[in-house]
Amino acid sequence: QHYYITNNLRDESKIINMVVTRSGTTCTPTGSNDESAKKRKSNPEMPEMVESFKEWESDKQTNFVKGLLGEMCHEQHWQIDMALRPYLMRDFISALPEYVSEQILSYLDEMSLCRAESVSKRWREIICNGHLWRKLIVRNVNTKAIWQRLGKRREWISHLHRASDFGSEYYKELYPKIVQDLKMSNEMWKLGKLNFRKIDCASHDSKGVYCLQYDDEKIVSGLRDNTIKVWDLDSLKNTMTLTGHTGSVLCMQYDENIIITGSSDASIRIWDVKTGEPIHMLIHHCDAVLHLRFQNGIMVSCSKDRTIAVWTMSGNPQNIVMKHALVGHRAAVNVVDFDEKYIVSASGDRTIKVWGTEACEFIRTLQGHTRGIACLQYHGTLVVSGSSDCTIKLWDIEAGAILRTLEGHEELVRCIRFDSHRIVSGAYDGKIKVWDLKAALDPRTPVKDICIRTISEHKGRVFRLQFDEFQIVSSSHDDSIVIFDFLSPHDYYGDMPVVRHHHYSETSSLELSDTTLRRLDSANSLDSLDDLS
């Protein structure tokens, strides 16, 4: 047979028939050397056949095996498939250069990364050497605002750029503690004792804080006494006072360069956010400027004079030019919001009007409130509004339809904000209410399950609020600003040398996006609510 195989390779079908006949009708391949040796002993011709097979060219070997497989039964095919599987498996992570393997594994989520560590010692070594747990935390910090805010509050964010000081096990231990901290802080919105800090604005004459905005370092507030005051968010001390308006400061917004304020003196003023120096003043409205908002080179303001002004903004604050005046409301326009598609305005005439941002054309009117509308926010296709009829309404801006009406406040709903999880409202009854947004959008949810918390710390009307994942900052007619803290008081980090329970920390040296860090927000106020009836 050996002589025939090595010297007569022209007719492969005859070879296959001979091999099958000589080897028997059952073939059980195996990757085990011991079993292969046993088989050779049971079939003395096998070694000669294998040696001859090795001498063939690769293509000839492949064709021979293909022909041999064609002569086998289904059971034999299954046995060969099982025997081939170990040969087909490749540990590409171990085989690739380490920097390539690190890059591949860096895309895993926390559960997959944990499992990957258990695959082999080599995989675990690559994960440790590449500091992949640290990279996972950094990725979440750079893409999720809630991780970034928690890192600053708990003070572990400054350790992420010091990988040499902390081993891989440190970051692996830190990760689940962060997740648990976030989970419990989310529960604090519903349950748990609420901690708060208060600023007494100590206005000399007229008392009341009409508007505010904050970031991780400061609170900027507009007061009834005609001033703008800046407060350090950590110490709560007044760091700067801006004067110039001759009427109450009713609305404001700032970014990293400028503060823009609107007043009952009918003017809009621009200030340097760092120095507080006045830069420019705009005169267009003929009555109190009740609200304004700016982004992406556009500013929209509205007034008690029943008009809306659309302004273009260049890089120079001196070059803000009025582009369009929108007329249509029959009473004071109390609030505006906009994006690249729509401008949305609400008025004491009980209506919400939608305008095109680009051409400033009127599109539709939303009707449903029974009294004047004091506040709204617009994002995506959702509009949430609050009214003197003591209700909050959720609208689909495209359909113009009311999705839900929320009841609970006892007086005019003066301010409202929402994010992807919650609606937070403040009213003249002195109460702040937290509502579950997803539950509100689900028509099957009972009304009693939508309001998840009521806060009653203010002693006067709530004029303005803003919130993020861990706090609500609100202002009131009682001349105070209150910071409500929802960060879990429990120490999930044990003896880890990173967390101290300070309220705020220094800015991290990580390169983090300012747009993710700062929730730029506008603030509105009404000097008179006569038009809301």
Side-chain angles (χ1 to χ4, degrees), residues 29-33 36 54 56-63 65-66 69 78 80-152 154-183 492-494 496-499 507-517:
T30 175
S32 169
N33 292 332
S36 298
K54 290 179 180 180
W56 296 353
E57 293 182 357
S58 176
D59 290 344
K60 184 66 70 176
Q61 290 176 334
T62 301
N63 291 333
V65 173
K66 285 181 178 179
L69 289 171
W78 180 83
I80 289 175
D81 178 62
M82 296 300 292
L84 282 175
R85 288 185 183 184
Y87 294 103
L88 296 175
M89 293 179 182
R90 291 290 183 271
D91 182 0
F92 64 94
I93 292 296
S94 299
L96 288 170
E98 187 164 313
Y99 73 93
V100 177
S101 299
E102 287 177 8
Q103 184 67 21
I104 294 170
L105 294 177
S106 70
Y107 290 101
L108 298 180
D109 60 22
E110 64 273 16
M111 293 301 296
S112 301
L113 192 60
C114 195
R115 293 189 183 104
E117 284 191 313
S118 303
V119 171
S120 67
K121 290 182 179 180
R122 178 55 183 159
W123 281 43
R124 181 178 176 82
E125 181 182 334
I126 292 170
I127 291 170
C128 290
N129 293 344
H131 297 282
L132 296 191
W133 283 105
R134 170 189 165 275
K135 290 180 180 178
L136 179 60
I137 296 173
V138 170
R139 187 172 73 210
N140 285 336
V141 166
N142 283 327
T143 58
K144 301 175 183 178
I146 188 170
W147 279 70
Q148 188 177 105
R149 290 187 179 276
L150 182 66
K152 288 178 175 292
R154 296 301 200 190
E155 300 188 8
W156 46 256
I157 197 168
S158 61
H159 290 226
L160 296 181
H161 64 285
R162 295 164 54 190
S164 60
D165 295 346
F166 302 93
S168 179
E169 288 298 319
Y170 167 82
Y171 295 107
K172 182 181 178 182
E173 182 183 351
L174 176 62
Y175 190 94
K177 295 180 183 296
I178 296 172
V179 172
Q180 181 66 12
D181 198 1
L182 289 171
K183 179 180 178 181
Y492 295 100
Y493 303 87
M496 300 185 74
V498 287
V499 180
T507 304
S508 168
S509 60
L510 284 175
E511 295 181 359
L512 303 174
S513 170
D514 286 339
T515 56
T516 304
L517 170 65

Measure the spacing between OH of Tyr107 and CG of Leu113 and express it to the nearest 0.5 Å. 14.0 Å
Of the non-hydrogen atoms in Leu136 and Leu108, which two are nearest, and what is the gap between them? CD1-O, 3.9 Å
Residue set satisfying salt bridge (charged side-chain N to carboxylate O under 4.0 Å, His left out) with Asp91, at least two apart, ordered chain then number -> none
Any side-chain to backbone donor/acceptor pair from Arg134 onto Ser168? Under 3.5 Å, distance only. no
Not counting sequence neighbours, which residues clear side chain to side chain contact (heavy atoms under 4.5 Å, CB included) with Glu169? List them please. Arg124, Lys172
If you round to the nearest 0.5 Å, how far is CG of Leu96 from CD of Glu102? 12.0 Å
Side chain to side chain contact (heavy atoms under 4.5 Å, CB included) evaluation trace for Leu132 with Tyr171: CA-CA 9 Å; Leu132 296 191; Tyr171 295 107; over 6 Å; no
Quickly, which of Ile178, Ile157, Asn142, Val138 forms a side chain to side chain contact (heavy atoms under 4.5 Å, CB included) with Trp147? Name it, please. Ile178
Which residues share a side chain to side chain donor-acceptor pair (under 3.5 Å) with Arg85, sequence neighbours left out: Asp81
Is a side-chain N or O of Asn63 found less than 3.5 angstrom from the main chain of Asp59, in a donor-acceptor match? yes
A side-chain contact here means heavy atoms from C-beta on lying under 4.5 Å apart; do Met111 and Cys114 qualify? no
Interatomic spacing from CG in Leu69 to CD1 in Ile80 - rounded to 0.5 Å: 5.0 Å
Taking only residues two or more places apart in sequence or in another chain, which ones pass side chain to side chain donor-acceptor pair (under 3.5 Å) with Glu110? Tyr175
Applying side chain to side chain donor-acceptor pair (under 3.5 Å) to Glu98 and not counting sequence neighbours gives Arg122, Asn129
Nearest-0.5 Å distance that lies between atom CD in Gln148 and atom CG in Leu150: 11.0 Å
Residues forming a side chain to side chain contact (heavy atoms under 4.5 Å, CB included) with Val119, sequence neighbours excluded: Trp123
Contacts of type side chain to side chain donor-acceptor pair (under 3.5 Å), residue Asp109, not counting sequence neighbours: Ser112
Partners passing side chain to side chain contact (heavy atoms under 4.5 Å, CB included) against Lys121 (at least two apart in sequence or in another chain): none
Which value, rounded to the nearest 0.5 Å, describes the distance between Gln180 atom CD and Leu182 atom CG? 9.5 Å
Could you check whether any side-chain heavy atom of Lys177 comes within less than 4.5 Å of a side-chain heavy atom of Trp156, counting everything from C-beta outward? no
Residues forming a side chain to side chain contact (heavy atoms under 4.5 Å, CB included) with Pro86, sequence neighbours excluded: none
Given side chain to side chain contact (heavy atoms under 4.5 Å, CB included), test Phe166 with Leu174 step by step and report yes or no. CA-CA 11 Å; Phe166 302 93; Leu174 176 62; over 6 Å; no
